[in-house]
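Here's the structure, in structure tokens; my notes come after.
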Amino acid sequence: MTEANSIVVGLRVTAVALGVAVAALAIAWWRREPPPPTAALAASHDTDQDAKPAPGPATTSGEMPQAPTQTAPTNRADTAATASTAVLYGTVRSAEGEPVEGYLWLNQGTKNVGSTGLRGGTSAFAFAGLAPGTYRLTSRFDDQLPLARDIEVVAPTTRLDVVLDARWRLMVHAVTPDGAPLTQAASKDLPRLAFGQSLIALALSTPLAGDLPAGVNQNAGIGVFRAAEPFGGKTLPKSAVGVLTLAPDRPVQVALVLGSALVAQQQVAPGTPELTFTVRAEDLVARTATVRLRVVDEAGTPIEGAMVNLGSSYNPKAKTGADGRFVIERVTPGRARLGVRTGTGGGPPLEIDVAAGADLDLGDVTVRAYAKFDIDFDGFGDGGGVYLYLLDGPARPGQRMDDTFVSPQNGRRSTVLLHPGRYAAVARSKDGVVVRTIDTAAVEGQVLRFDCVRGANLHLVSERQLVLPLDVSIEGPGGALVWRRDLSGRVDTNVELPAGDYRATITNEGGAVTHRAVHLGSDGATITLP
């Protein structure tokens, strides 16, 4: 090709690209909506293909993907597209035509390829640099039903304008018989209630026969629940427990729940805007529990002055007496982490299940001198951290080992203090994942590095709405625990792990256990939850 011909071809390509950009700007002007970034459009040269979003309505579900730690898209919208890549762009509006605020996630198969936030009244989104193919768009928007939409993305651009499903927004209040907000009336005895914690509302298809499983959280039930948190979100009245977003065409049973304890429940007709529970503060406090324990050293000698904390609370005055005993009163029912430590050591990282109204004696908790080592995060990559799962902890009914998490956000080198033993160490960053077993006796005083490499996605999915939570754990070779969560709602999540053989243990709300063996290849694998 001569130099003159090259110039002519280049001018033609430029003219075509500008034509795409102008067309997109014209459409955006006509719709009075922000267009996708001009730079991304102008870089696309294929102008013969129209945008073709896949047919079919958006579907709704109750399980939300985990909110990203960043509000900018992973695939930045200003990334230049090429002849072999595409831009997916469009708008999201409510059923009433209003802009929405929240997050969008884009997956291809089991791989997350992008996320972006919609804020400030804008309805526009864009994902650039995509390989043509089939993707799934999911969401979490304030007081809206989530969507799950499959889209066929073609080059150079694919436009998708989403109108979310109609929904029923139900605000749930809780007051005392004299009309005072229940959270304020009970906050003297239950301080966490003052911060919108522990007391939630769940929507169910049928009435509850009793209390819920220990691992229940606000993702359980049907629909979507937004708590009346004072930090973030939209301000709600002081009497409000939160807002339920539901399908608009069926009645529901709404349960007022303290941790895992059923406080009250009512049936509600579709379209009802508000629901109020009337509960005495002392009746709420009566659903809490008492937990007792004794702290001892390895010889069985009681330890005075050991610090004891249960759950997310922290009280520097919570210390054992001369006999090593400690009593924790007014404990919220459910699953909580138990922390026991002295100046030089601590107990194992335990989670315990606490029943409503129980007087639970944990017996002796043994403190051992901490094992100490450092983790060097230099070059680790953004995000993530290292999860440490104790493999040799005590096994008692109603107890399980909790993980210890070490974050690179605390600095390029972090000092780790652990209860001695063998741990499964799972390191994750944007660069990938690595799993290894460490013995604290062997790494004492050392500096550890974790070089993450790209793994494969183990896709956990439920074919139905999980109204009550499943306890799901994943074990690798040798039975090492590498992941554990309580899952509820419509589950659709990915766990990145090195390729290999794994076993999932799934425990339902009644205690029934199911095991699933899976081989995780480079293309990923899927476990469908029962």
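- Side-chain contact between Leu88 and Tyr135 is absent, with no heavy atoms from C-beta onward closer than 4.5 Å.
- For the atom pair CD (Glu351) and CE (Met401), the distance works out to 9.5 Å, reported to the nearest 0.5 Å.
- Heavy-atom contacts from other residues, nucleotides or ligands closer than 6.0 Å to CD of Glu96 number more than 12.
- No donor-acceptor pair under 3.5 Å is formed between the side chain of Thr505 and the backbone N or O of Ser473.
- A donor-acceptor pair under 3.5 Å is formed between the side chain of Arg464 and the backbone N or O of Pro530.
- The distance from atom OH of Tyr89 to atom CZ of Phe125, rounded to the nearest 0.5 Å, is 10.0 Å.
- For the salt bridge (charged side-chain N to carboxylate O under 4.0 Å, His left out) test, residues two or more places apart in sequence or in another chain that qualify with Asp486 are Arg335, Arg400.
- Contact between Arg422 and Leu390 at its shortest, heavy atoms only, is O-CD1, 3.5 Å.
- Screening Asn107, Leu106, Asp150 for a side chain to side chain contact (heavy atoms under 4.5 Å, CB included) involving Leu137 leaves a single residue, Leu106.
- For the pair Asp471/Arg484, a side-chain contact is recorded, criterion being any heavy-atom separation below 4.5 Å from C-beta on.
- No side-chain donor-acceptor contact under 3.5 Å links Asn457 to the backbone of His459.
- Between Phe380 and Phe377, the ring-plane angle classifies as perpendicular under the 30° and 60° cut-offs.
- Here the shortest heavy-atom pairing between Pro213 and Glu509 reads CG-CB, 3.2 Å.
- The minimum heavy-atom distance between Arg167 and Asp143, with the atom names listed, is NE-O, 3.0 Å.
- The heavy-atom pair separating Gln108 from Gly133 by the smallest distance is NE2-CA, 4.1 Å.
- Judged by distance alone, the side chain of Ser462 and the main-chain N or O of Val491 form a donor-acceptor pair under 3.5 Å.
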Item to check | Full working for salt bridge (Lys or Arg N to Asp or Glu O under 4.0 Å) between Asp142 and Arg226 | outcome: CA-CA 8 Å; Asp142 291 344; Arg226 175 170 68 88; 5.4 Å; no
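- Shown here are the side-chain hydrogen bond (donor to acceptor under 3.5 Å, both in side chains) partners of Arg454, two or more places apart in sequence or in another chain: Glu496.
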Could you list the donor-acceptor pairs under 3.5 angstrom formed by side chains in residues 244-254, with sequence neighbours left out?
none

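- To the nearest 0.5 Å, atom CG of residue Leu448 and atom CZ of residue Arg413 are 10.0 Å apart.
- Panel note: side chain Ser407, backbone Gln409; a donor-acceptor pair is recorded below 3.5 Å.
- In this structure a side-chain-to-backbone donor-acceptor pair under 3.5 Å is missing from Asp161 to Gly90.
- Of all non-hydrogen atoms in Pro348 and His419, the two that sit nearest each other are N-ND1, 3.5 Å.
- Note: Trp483 CH2 to Thr493 OG1 = 6.0 Å, rounded to the nearest 0.5 Å.
- Summarising the geometry of Ala240 relative to Ala228, their closest heavy-atom pair is O-CB, 3.4 Å, with the distance given to 0.1 Å.
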